[in-house]
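Okay, structure first, notes after.
Just follow the structure's listing: the first ligand is 1, and inside any ligand the first atom is 1. Source: prediction; values computed, not measured. Throughout, residue positions are numbered sequentially from 1 according to the sequence presented.
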Amino acid sequence: MSAVVMDGRELARAVRADLKERVARLREDGIKPRLEAVVAAQDPASLAYVAMKQQWAKWVGVESGVFMVEPHVTTDQIINHVYGLNANPRVHGVLIQHPMPKHIDEPRVLESLGPDKDADGITTASLGRLLAGLPGFRCATPLGITKLLDAYSIDCTGKNAVVIGRSVILGKPMALMLLERNATVTVAHSKTRDLPDLCRTADILVAAVGRAELVRGDWIKPGAVVIDAGYNKVEGRDTDVGDCHYEECATVASHITPVPGGVGPMTVASLLANTVAAAEKKG
Ligand code: NAP
């Protein structure tokens, strides 16, 4: 068997086209959607992610700005900046790019962001709304994964889902979103015993670990859906490597996301979709 490749790039292109039309309509009504980022100035990976998100914003017609957290910038200064963004009616979404520099109290910065502008869905207010099943912005990466599941008509109802990873931005909200879709969800982490055996019970397996090719082909139940959210730098490899061994898993799974080109593009698409939705709400 060779799995259906869940093409995040193609789906993200379709989302982009839809967003472009919606932004054009907003602009006709005099609303210019705007996304602001707060990013560590000394972190090349974060700067690259934010540049990519700004490029996306440009494609769909969303304006963007960035606040660089230089080494001399304090937590209070960032919080004051965020308060300004909260109060600014021309700003619709704010992205606080993780990680902030070590001297910054990142949780305090996150909590200063108003939930109505939390386009990344990572404040406790947004996560609380997810937990309570209330409307609100959903975390961009797991939201992108649910869009991929929908696009490939994968019904989660009654399925066993295993999420490897319990981070606040990925594993935990992913588990809640799968639960919302009526899957029976197990969350695995670094202390989980017999991880391969647990994975073999999964009809839907989401790997959100950060360990290159941890998940091997013989961990996969035949016909399972494998979602690989991992992005790992590996010496000697030109592109990022996922948490799953792609070739091995693809021979057993029914569906699989590639790395790159699977979950990643849908994360950015979801961030922009949340920003545009925020602008539509304000309009
Ligand atoms: P994280 O905060 O480091 O969390 C990793 C999780 O994996 C933790 O819960 C950890 O368990 C668990 N873990 C680590 N080693 C394990 C092992 N050997 N067996 C089982 N569980 C293990 O990472 P994250 O921010 O969630 O990111 C995870 C991956 O997704 C990374 O590769 C990251 O680059 C990628 N990512 C991708 C996107 C995207 O847009 N595609 C977005 C965000 C992140 P403990 O809790 O017990 O430590």
Mind checking the CD1-CG spacing from Ile204 to Leu149? Nearest 0.5 Å is all I need.
-> 6.0 Å

Kindly tell me which protein residues have any non-hydrogen atom under 4.0 angstrom away from an atom of ligand 1, grouped by chain and ordered by number?
-> Thr141, Ile164, Gly165, Arg166, Ser167, Ile169, Leu170, His189, Ser190, Leu195, Ala208, Val209, Gly210, Arg211, Ala229, Gly230, Tyr231, Asn232, Val263, Gly264, Thr267

Atom CD in Gln77, atom CZ in Phe67: separation rounded to 0.5 Å?
-> 6.5 Å

Identify, with sequence neighbours excluded, every residue that meets salt bridge (charged side-chain N to carboxylate O under 4.0 Å, His left out) alongside Lys159.
-> none

Is the cationic atom of Lys117 (NZ for Lys, CZ for Arg) positioned less than 6.0 Å from the six-membered ring centroid of Tyr83 and within 45 degrees of its normal?
-> no

Looking at Asp194, Ile164, Thr186, which hits side-chain contact (heavy atoms from CB on, under 4.5 Å) with Cys199?
-> Ile164

Distance col, row His255:NE2 vs Leu205:CG, nearest 0.5 angstrom, shows 15.0 Å

